[in-house]
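Inspection log for the structure reproduced underneath, given as structure tokens.
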There are 2 protein chains.
Amino acid sequence: MDNNVDADHNAVNGNILDRVGLVSEKSYHHGNLRAALLEQAKATVREQGLDGLSLRDLARQVGVSHGAPRRHFQDRQALLDALAESGFEQLGAELAAAFEQAGSDFGTRLRASAAAYLRFAINDAALLDLMFSSKGHDADDPLHTAAMAAFSPMFELIHQGQREGILEAGDPERIGLVLFASIQGTAALFTSGMIESAQLEQLASDAITYFVRGALPIP
Amino acid sequence: MDNNVDADHNAVNGNILDRVGLVSEKSYHHGNLRAALLEQAKATVREQGLDGLSLRDLARQVGVSHGAPRRHFQDRQALLDALAESGFEQLGAELAAAFEQAGSDFGTRLRASAAAYLRFAINDAALLDLMFSSKGHDADDPLHTAAMAAFSPMFELIHQGQREGILEAGDPERIGLVLFASIQGTAALFTSGMIESAQLEQLASDAITYFVRGALPIP
DNA sequence: GGAGAAAGTAGTCATGGACAACAATGTAGA
DNA sequence: TCTACATTGTTGTCCATGACTACTTTCTCC
């Protein structure tokens, strides 16, 4: 309708603040739509679950027409895939941070990592579900890559345990998977409502204890 | 339980073959629509996943009008809940059967039960996902009841292990949850594509071994 | 056999995803 | 600088679906 001259002016100069979405002035080109959509999608999924996510809603919330998202995501599934990928990146970062901040003691690191994982599972249950429900994992798939990267701190942890004689020898990946499964299962039991938050801490603690005992080197 | 009142109701003069859907004669009243919808839904979910499931499609496939399912399921979510519930019933039956057929040895029973669980997870991955994503678990919720019933063989198994001195003492439910989480996590890793079927057997075996070692009584 | 409940049908609406034609902006090369 | 072309948004449309309502057929029970 009535085009605003100021808006045009800003658009020409490509103000960085506009592009990051920190300034609300409108211009024809959003400048950062893909990221904005992902961010909004993540918030919506957290608050309303996957079913509450609609591309048209997303477009509205970001202030763009309903057709715009299509320029960045071919279809809804593509957006979900991207969301899952960014979820893996975030989870990986949080695991790595927990790993770092926990000092060098194996047990402390192990529990800190598990706690970080569960924290993520609690705060972003639906996102974690999504991350675990995305199918196509073709090894060269960016999703697969992101997932592998996210869990690398855990495998490093296993390696440390082996060096220190706390865990039995063997393929770190193989041993790590047992831990991984155990923690993910714990998270699933909680997010599915099968256990209460009161039981979660207990279960998480037990799972780790059993894992460590189970993986003890056999003298 | 007693939500089969409708079936009983119509069972009075309804031809059994009609009711099972083996006869294609049309009558205004389907006679068994609820069950037929659930059955068809289960097949569709297995073949096409949750997203491939539409009430209207279901109605078409079963040969009724698009409004008919509403008489039996208030909305789509209600159908999904019922599907999850029937999934728990089936899983429970399969776990119980595996438990029975495995003889009386604890280890054999344990592995047979885990195998049954994983078999279910592989054959009906999307259904298991659904079972674990249904939220409302209010203890008196039929879903919660069905879930608890399904896993009762597992807790019985824990009890046996304790009697035989193979597992440490303690609340069987608490110990059982660790096993449950471990197996469910294993299943999740597989159905999400994070591990290949080649790794599944190994992981499952490792998870059980670690669990048994971890739960060993401490002398 | 008739009243009323149960089960199915048909029509409608709003929402949402996918698609296509078009418009505005950005960019690179002559 | 000007101009062709690629990017990115917009608008309008189609179609499938879930949900709702009014109506019809059948069943059951008194």
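Note that the structure is predicted; figures quoted are calculated from it, not measured. In the text below, chain A, chain B and the rest are named by the order of the sequence lines, each starting its count at 1.
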Contacts under 3.5 angstrom, residues 82-98 of chain A side chains, donor-acceptor by atom type, not counting sequence neighbours:
| residue | atom | partner | partner atom | Å |
| --- | --- | --- | --- | --- |
| S86(A) | OG | L83(A) | O | 3.3 |
| Q90(A) | OE1 | K42(A) | NZ | 2.1 |
| Q90(A) | NE2 | E94(A) | OE2 | 2.7 |

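As rounded to whole Å, 12 Å separates atom P of dT8(D) from atom CZ of F73(A). Following rounding to the nearest Å, Q48(B) (CD) and dT17(D) (P) show an atom-to-atom distance of 11 Å. Between L80(B) atom CG and dT17(D) atom C1' there is a gap of 14 Å when expressed in whole angstrom units. A straight line from CZ of R34(B) to C1' of dG8(C) spans 17 Å, rounded to a whole angstrom. Rounded to whole Å, atom P of dT25(D) lies 19 Å from atom CG of L33(B). L58(A) has its CG atom 13 Å from the P atom of dG9(D), to the nearest Å. Distance CZ (R60(B)) to C1' (dG18(D)): 12 Å, rounded to an integer number of Å. Spacing between atom CG of N32(B) and atom P of dA6(C) amounts to 18 Å, rounded to whole angstrom units.
The two atoms that bring L157(A) and S113(A) nearest to each other are CD2-OG, 4.1 Å, heavy atoms only.
The salt bridge (Lys or Arg N to Asp or Glu O under 4.0 Å) contacts involving residues 114-125 of chain B comprise R46(B)-D124(B), where partners must be two or more places apart or lie in separate chains. For residues 177-204 of chain B, every residue pair satisfying the ring pair (Phe, Tyr, Trp, His ring centres under 6.0 Å) rule, not counting sequence neighbours, is listed here: F151(B)-F180(B).
In this view, R174(A) and D206(B) satisfy the side chain to side chain donor-acceptor pair (under 3.5 Å) rule, not counting sequence neighbours. Applying the salt bridge (charged side-chain N to carboxylate O under 4.0 Å, His left out) rule to R60(B) yields the partners D57(B); only residues at least two apart in sequence or on another chain are considered. The side chain to side chain donor-acceptor pair (under 3.5 Å) search around R109(A) returns Q160(A), not counting sequence neighbours. When the side chain to side chain donor-acceptor pair (under 3.5 Å) test is applied to Q101(A), no partner is found at least two apart in sequence or on another chain.
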When you compare the protein's N or O atoms with those of nucleotides 17-21 of chain C, which come within less than 3.5 Å of each other, and at what distance?
| residue | atom | partner | partner atom | Å |
| --- | --- | --- | --- | --- |
| dG17(C) | OP1 | L55(A) | N | 3.2 |
| dG17(C) | OP2 | L55(A) | N | 2.9 |
| dG17(C) | OP2 | R56(A) | N | 3.2 |
| dG17(C) | N7 | R56(A) | NH1 | 2.4 |
| dG17(C) | O6 | R56(A) | NH1 | 2.8 |
| dA18(C) | OP2 | R76(A) | N | 3.1 |
| dA18(C) | N6 | R56(A) | NH1 | 3.4 |
| dC19(C) | OP2 | R70(A) | NH2 | 3.4 |

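Partner of T44(B) under the side chain to side chain donor-acceptor pair (under 3.5 Å) criterion, out of Q48(B), E47(B), Q40(B): Q40(B) alone.
Each end of the helix from dG1(C)-dC30(D) to dA30(C)-dT1(D) gets its own rotation axis from five pairs of C1' atoms, and the angle between them is 10° to the nearest 10 degrees.
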